[in-house]
Structures are given as structure tokens and as C-alpha cells.
> 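There's a structure below that I have some questions on.
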Amino acid sequence: MPPAPLPAARVPDSLDAPALRWGIMGPGWIAERFTESVQAHSRQVIAAVGSRSLARSKAFAESFGVPAAYGSYEELAAAPDVDIVYVSTPHNFHHSAALLAIEAGKHVLVEKPIGLDAVQARDIAARAKAAGVFAAEAMWSFFLPKFDIVRQILEAGTLGTVTTVLAEYGEHFQRSHRIFDPALAGGPLLDLGTYPLALITEVLGAPQQVRALGQWHESGVNAQLSAVMEFAGGSHAVMNTHLHNFTPAAATIVGSEATLALDGPFNMPGGFELRFPDGSRLRHDEPAGAHFEGLHYEAAAVARSVTHGLSEVPERTLDASIRTMEAADALRWQLGIEFQGEGNSPT
Ligand SMILES: NC(=O)c1ccc[n+]([C@@H]2O[C@H](COP(=O)([O-])OP(=O)(O)OC[C@H]3O[C@@H](n4cnc5c(N)ncnc54)[C@H](OP(=O)(O)O)[C@@H]3O)[C@@H](O)[C@H]2O)c1
């Protein structure tokens with residue numbers, strides 16, 4: 001018998017979260033989306049912005065009403081009126097940018113993926129712990145109200161034994177996008193593949209075996225990665241990620257008692273359905289949304305954790321981020337995918 005109704009989301013209104021003073025490090029595409037979302041839906045204050053170019057940080061500050069603009073990441077890290085740095089550079093600068101903030105005594109929220117590899121992820125976790133500051137990966141999907149309902153369903157055992165997770169993510173990119181640049185850790189794995197991989201490792205933990213196939217792009221980056229993984233108890237996950245064109249970006253979690261099918265794009269606000277073998281269904285409906293509707297939840301959750309003196313945020317622990325990076329490493333090593341600057345951090 002299906003349980004009814006679905007649990008309610010327990011995520012508080014982002015407007016109720018205490019305000020932190022945020023410094024943006026790397027004012028690019030996602031930094032704009034983050035700023036728009038938190039300014040519209042929360043009390044978080046974008047207090048400063050740091051760019052490699054003073055002209056770019058001033059332009060960003062002017063667009064979003066940010067009071068302080070700096071012409072280097074070092075100056076932003078040292079800025080007096082900043083509680084937390086949001087690292088929004090391309091992937092291969094996440095580690096060095098996070099360390100700048102941590103060593104200046106700032107809390108840090110690092111865009112996904114938290115680093116290029118598990119070595120960098122572990123190093124950020126260790127340095128933040130040693131410095132006594134908060135650190136987290138901005139895996140925004142896990143902070144959405146719908147994901148809180150999904151968590152409750154999983155924790156209640158409604159699916160029975162989870163046997164299979166199927167998750168995929170493909171998008172179309174202009175040829176000028178950094179995803180085609182080998183020097184910027186291009187390829188779909190770290191941009192898009194982190195979402196299916198984060199979901200798979202969140203639900204099933206660390207894989208015991210992985211098998212990956214790759215296809216290459218003329219630019220030299222990986223163009224497509226397909227993988228099968230096996231977990232303790234024999235459950236499986238199948239994932240695909242590529243830079244060829246848009247896919248539904250759907251995810252399905254199959255259990256012995258029920259199947260949970262997330263509408264695509266599964267990493268963004270939107271609906272999902274619980275399907276039972278007798279044909280009955282329980283549907284969670286919410287408007288499909290994107291970054292504007294969703295990014296403020298992670299900022300609000302981080303603000304609550306920091307204000308309560310926590311060193312991590314429960315929705316995305318550093319161990320969980322490290323586990324995802326370990327799985328990503330295992331997959332790409334099978335294909336010989338290397339990123340410039342990976343694993344070179346002291347541990
Ligand atoms: N959460 C999400 O939904 C989401 C969505 C998209 C991207 N992301 C993540 O956010 C990160 C940034 O992505 P994005 O698309 O916003 O990137 P982007 O616009 O291409 O670049 C972000 C900024 O990084 C700075 N940067 C530092 N070194 C750079 C270099 N060598 N080349 C180019 N830029 C450099 C630049 O700012 P200055 O030079 O002015 O300092 C640039 O504006 C990625 O790691 C990505 O995975 C997350």
C-alpha cells in the first residue's frame with residue numbers, strides 16, 4: 001500500500017536565515033545567477049566582489065549594487081567586511097581560491113565540483129578544519145525543498161531496498177564555452193556529470209566497482225562519459241554525461257517497493273513521482289525552476305550553519321563531496337582523463 005500523502009518539505013523560508021556578508025570570488029556566469037537569486041529571495045548581503053580585473057569587479061559591483069570591488073582574489077580574501085567567500089571561478093581554481101579565503105580566516109562556499117579531484121577536496125576540508133572556518137561545496141540541488149522530501153522518502157524506507165539509480169545529464173554549449181578548454185578542466189564530467197554522480201553517491205554511497213567508456217571531442221576534452229557502477233549489496237548505478245546536446249536530465253531511483261522518478265532537470269526545482277508496482281502513483285508537483293528560483297536555498301542553509309557555529313552544512317557534508325570526487329576520479333582514470341593542476345596540493 002503506498003503511503004499518502006508525501007511528506008512536506010522542512011526547508012525554512014530563505015528570508016528567515018540570518019544575514020552573512022558574502023564576497024564573490026570570480027564574477028562570471030554562476031556568480032551573477034547566485035547574486036540575483038540571493039538578493040531577490042534572502043537577506044544575504046553581497047558585500048564585496050573580487051576579480052582578476054578591477055574593471056570587471058567594478059562592473060559587477062555596479063550591476064548588483066555591491067559596495068566593495070577588488071582587483072584581485074587576494075584583496076577580496078583580506079577584505080574586512082566579508083564573512084564568507086563564494087568561490088565561483090572555473091573548476092581548476094576552486095582549490096587555490098578556497099585556500100586563499102581559508103588562510104585569511106574566511107568561511108568558504110565553493111562552487112561544484114569542490115576541487116578537481118579528491119586530493120583537492122580532502123585538502124580543502126583539512127585546511128578549513130585546521131583554520132576553524134566553515135567550508136562547503138555549493139551542490140545547490142541538495143538544498144532545494146524537493147530534495148528534502150526525497151531525503152525523507154529515502155530515510156523512511158518507502159522505496160524498500162534501492163537496487164538501481166539511473167541518472168544522466170547532457171547540455172548544448174557554444175563552442176567558445178570553457179567546457180571545450182582542456183586548460184580549464186573541460187569536458188562534461190566536472191560541469192554536468194557532478195550532478196548525477198552526486199545523486200548516485202548520495203543514495204548508494206561509494207561504488208565498489210566502476211566501468212567507464214569515453215568519447216573524445218576534437219578540442220581534446222572528453223565529450224561523453226558513460227559509466228556503470230556496482231555498490232555494496234549488489235545495487236547498480238548507470239550514468240551518462242556529455243556536451244553534445246540537451247537531454248531530459250532525468251534521474252530514477254529504483255527500489256524493491258517503489259520507484260522514484262525525478263522530472264528533468266532533476267538537479268533543479270521541479271516535480272517527481274513515486275510509482276508503486278500496483279500502478280498507483282504519488283506525485284509531488286512544483287513549478288519547474290532554475291538558478292534564480294533555487295540558489296538562495298544553499299546560501300540560506302549555509303548562513304544558518306555558519307551562524308550556529310557549525311563547520312559544515314548537513315545537506316552537503318565535506319565527506320559527501322569527497323566521496324563524489326573519489327567516484328569521479330575512479331571513472332576518469334579508467335579513461336585516462338587528466339586535468340591540469342590536479343592532485344598537486346599538499347595533503
Ligand atoms: N551551481 C550551478 O548551477 C553552476 C552552474 C554553472 C557553473 N557552475 C560552476 O561554477 C564555476 C564557474 O562557472 P561559470 O560558468 O560561472 O564560469 P565562467 O563564467 O566561465 O568563469 C567564472 C569566472 O572565473 C574567473 N576566472 C578565474 N580564472 C579564470 C581563467 N583562467 N579563465 C576564465 N575565467 C577565470 C573569471 O572572473 P575574473 O577573471 O573576473 O576574476 C570568470 O568570470 C564552475 O566550476 C562550474 O562548475 C555551477
Side-chain angles (χ1 to χ4, degrees), residues 23-38 48-64 66 69-77 85-98 100-101 108-117 120-121 124 136-144 147 169 171 173-198 241 243 249 265-269 289-299 302 315-316 321 324-325 328 339-342:
I24 304 281
M25 194 175 270
W29 189 87
I30 192 63
E32 291 183 1
R33 307 290 84 70
F34 179 83
T35 302
E36 288 165 354
S37 182
V38 303
V49 52
S51 162
R52 295 174 301 166
S53 138
L54 185 57
R56 279 201 297 277
S57 68
K58 280 185 168 169
F60 186 96
E62 196 166 317
S63 297
F64 295 101
V66 179
Y70 299 99
S72 73
Y73 297 162
E74 288 78 6
E75 287 171 276
L76 176 74
V85 168
Y86 169 64
V87 173
S88 49
T89 63
H91 328 305
N92 46 333
F93 308 109
H94 287 182
H95 176 253
S96 56
L100 271 181
V108 68
L109 176 66
V110 186
E111 254 312 331
K112 39 75 26 187
I114 191 165
L116 285 180
D117 57 15
Q120 293 192 349
I124 289 172
E137 179 189 34
M139 180 49 74
W140 63 297
S141 318
F142 292 161
F143 299 87
L144 298 174
F147 204 81
Y169 206 143
E171 274 190 18
F173 295 88
Q174 297 297 323
R175 187 60 178 79
S176 55
H177 193 274
R178 60 176 168 71
I179 202 163
F180 295 103
D181 190 344
L184 295 180
L189 179 61
L190 298 186
D191 255 286
L192 308 178
T194 44
Y195 289 113
L197 216 44
T241 185
L243 46 65
F266 71 87
N267 61 321
M268 302 192 187
H291 302 86
F292 181 73
E293 291 80 15
L295 290 176
H296 60 92
Y297 290 110
E298 66 182 3
V302 165
E315 290 87 341
R316 185 61 171 167
S321 299
T324 302
M325 293 316 300
F339 300 127
Q340 289 179 23
E342 68 172 272

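Order of appearance sets the numbers: ligands from 1, and atoms from 1 within every ligand. Please read all numbers here as calculations on a predicted model, not as lab measurements.
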> What do you reckon, does Tyr73 put a non-hydrogen atom under 4.0 Å from ligand 1?
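Yes; Tyr73 lies near enough to ligand 1 that a heavy-atom distance drops under 4.0 Å.
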
> For Phe143 together with Phe147, are the ring centres under 6.0 Å from each other?
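For Phe147 and Phe143, the ring centres are not under 6.0 Å apart.
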
> Determine the minimum heavy-atom distance between Met268 and Gly289, stating which atoms define it.
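Nearest heavy atoms, Met268 then Gly289: CB-O, 3.3 Å.
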
> How does Ser88 reach ligand 1, by side chain, by backbone, by both or by neither, if only non-hydrogen atoms under 4.0 Å count?
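Looking at Ser88 and ligand 1, just backbone atoms fall under 4.0 Å.
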
> Strictly by side-chain hydrogen bond (donor to acceptor under 3.5 Å, both in side chains), give each pair with a member in residues 178-193 just once, sequence neighbours left out.
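Listed once each, the pairs are His91-Asp191, Arg178-Asp191.
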
> At what distance is the nearest protein heavy atom to atom 19 (O) of ligand 1, and which residue and atom is it?
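Here the nearest protein heavy atom works out to Trp29 N, 2.9 Å.
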
> Before signing off on this row, confirm whether Tyr195 and ligand 1 have an N or O atom pair separated by under 3.5 Å.
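Min N/O separation from ligand 1 is below 3.5 Å for Tyr195.
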
> Give a yes-or-no answer on whether the side chains of Ser88 and Arg33 include a donor-acceptor pair shorter than 3.5 Å.
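No, Arg33 and Ser88 have no side-chain donor paired with an acceptor closer than 3.5 Å.
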
> Is the closest heavy-atom distance from Ser53 to ligand 1 below 4.0 Å?
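No, Ser53 has no heavy atom closer than 4.0 Å to ligand 1.
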
> How are the rings of Phe34 and Tyr86 set to each other: parallel, tilted or perpendicular (split at 30° and 60°)?
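Answer is parallel, since the angle falls under 30°.
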
> Which protein heavy atom lies closest to atom 14 (P) of ligand 1, and at what distance to 0.1 Å?
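Answer for atom 14 (P) of ligand 1: Arg178 NH2, 3.4 Å.
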
> Record the part of Arg56 in heavy-atom contact with ligand 1 below 4.0 Å; permitted values are side chain, backbone, both and neither.
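The answer is the side chain of Arg56.
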
> I need the minimum non-hydrogen distance between Ala198 and Arg316, along with the two atoms involved.
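Closest approach of Ala198 to Arg316, heavy atoms only: CB-NH2, 3.9 Å.
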
> Could you tell me the residue and atom name of the protein heavy atom closest to atom 24 (O) of ligand 1, and the distance to it rounded to 0.1 Å?
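Scanning the protein heavy atoms, the shortest distance from atom 24 (O) of ligand 1 goes to Pro90 CD, 2.9 Å.
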
> Would His94 count as a contact residue for ligand 1, given that I'm defining contact as a non-hydrogen atom of the residue lying under 4.0 Å from a ligand atom?
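Per 4.0 Å heavy-atom rule, His94 contacts ligand 1.
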
> Taking non-hydrogen atoms only, is Glu111 closer than 4.0 angstrom to ligand 1 via side chain, backbone, both or neither?
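Side chain only; the backbone of Glu111 stays clear of ligand 1.
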
> Is the backbone of Leu54 close enough, under 3.5 Å, to the side chain of Ser57 for a donor and an acceptor to pair up by distance?
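Here the side-chain-to-backbone pair exists.
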
> I need the Leu192 CG to Thr241 OG1 distance, nearest 0.5 Å.
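Answer for the CG-OG1 pair, Leu192 versus Thr241, is 4.5 Å.
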
> Can you confirm whether the side chains of Glu171 and Tyr169 place a donor and an acceptor under 3.5 Å from each other?
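Yes, a side-chain donor-acceptor pair sits under 3.5 Å.
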
> Name the closest protein heavy atom to atom 3 (O) of ligand 1, giving the residue it belongs to and the distance to 0.1 Å.
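I find the closest protein heavy atom is His291 NE2, 2.8 Å.
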
> Below the 3.5 angstrom mark, is there an N/O of Ile30, backbone or side chain, next to an N/O of ligand 1?
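Checking ligand 1 against Ile30, an N or O pair does fall under 3.5 Å apart.
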
> Check Arg33 against ligand 1 and report side chain, backbone, both or neither, counting heavy atoms closer than 4.0 Å.
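Answer for Arg33: neither.
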
> Give the residue and atom name of whichever protein heavy atom lies nearest to atom 40 (O) of ligand 1, and the separation in Å to one decimal.
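Nearest neighbour among protein heavy atoms for atom 40 (O) of ligand 1, to 0.1 Å: Ser51 OG, 2.5 Å.
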
> Of all the atoms in ligand 1, which lie at a distance below 4.0 Å from a heavy atom belonging to Asp191?
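Close to Asp191: 46 (C), 47 (O).
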
> Looking only at distances, can you tell me whether any N or O atom of Lys112, backbone or side chain, sits closer than 3.5 Å to an N or O atom of ligand 1?
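Yes; at least one N/O pair falls below 3.5 Å.
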
> Give me the residue, atom name and distance of the protein heavy atom closest to atom 43 (O) of ligand 1.
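Among all protein heavy atoms, the one nearest atom 43 (O) of ligand 1 is Gly28 CA, 3.2 Å.
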
> Does the side chain of Glu32 come under 3.5 Å of the side chain of Thr35 through a donor N or O and an acceptor N or O?
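No, because no side-chain N or O of Glu32 sits under 3.5 Å from a partner of the opposite role on Thr35.
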
> Could you go through the ring pair (Phe, Tyr, Trp, His ring centres under 6.0 Å) check for His177 and Trp29 one step at a time?
CA-CA 11 Å; His177 193 274; Trp29 189 87; 8.6 Å; no

> Should you measure from each heavy atom of Pro27, which atoms of ligand 1 turn up under 4.0 Å away?
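Answer, ordered by atom number: 37 (O), 38 (P), 40 (O), 41 (O), 43 (O).
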
> Suppose we measure from atom 11 (C) of ligand 1 to each protein heavy atom; which comes out shortest, and what is that distance?
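Among all protein heavy atoms, the one nearest atom 11 (C) of ligand 1 is Thr89 O, 3.1 Å.
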
> Regarding Glu315 and Tyr297, do their side chains bring together a donor and an acceptor under 3.5 Å, going by distance alone?
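No.
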
> For atom 32 (N) of ligand 1, find the nearest protein heavy atom and state the residue, atom name and distance (0.1 Å precision).
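The protein heavy atom lying closest is Arg52 NH2, 3.8 Å.
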
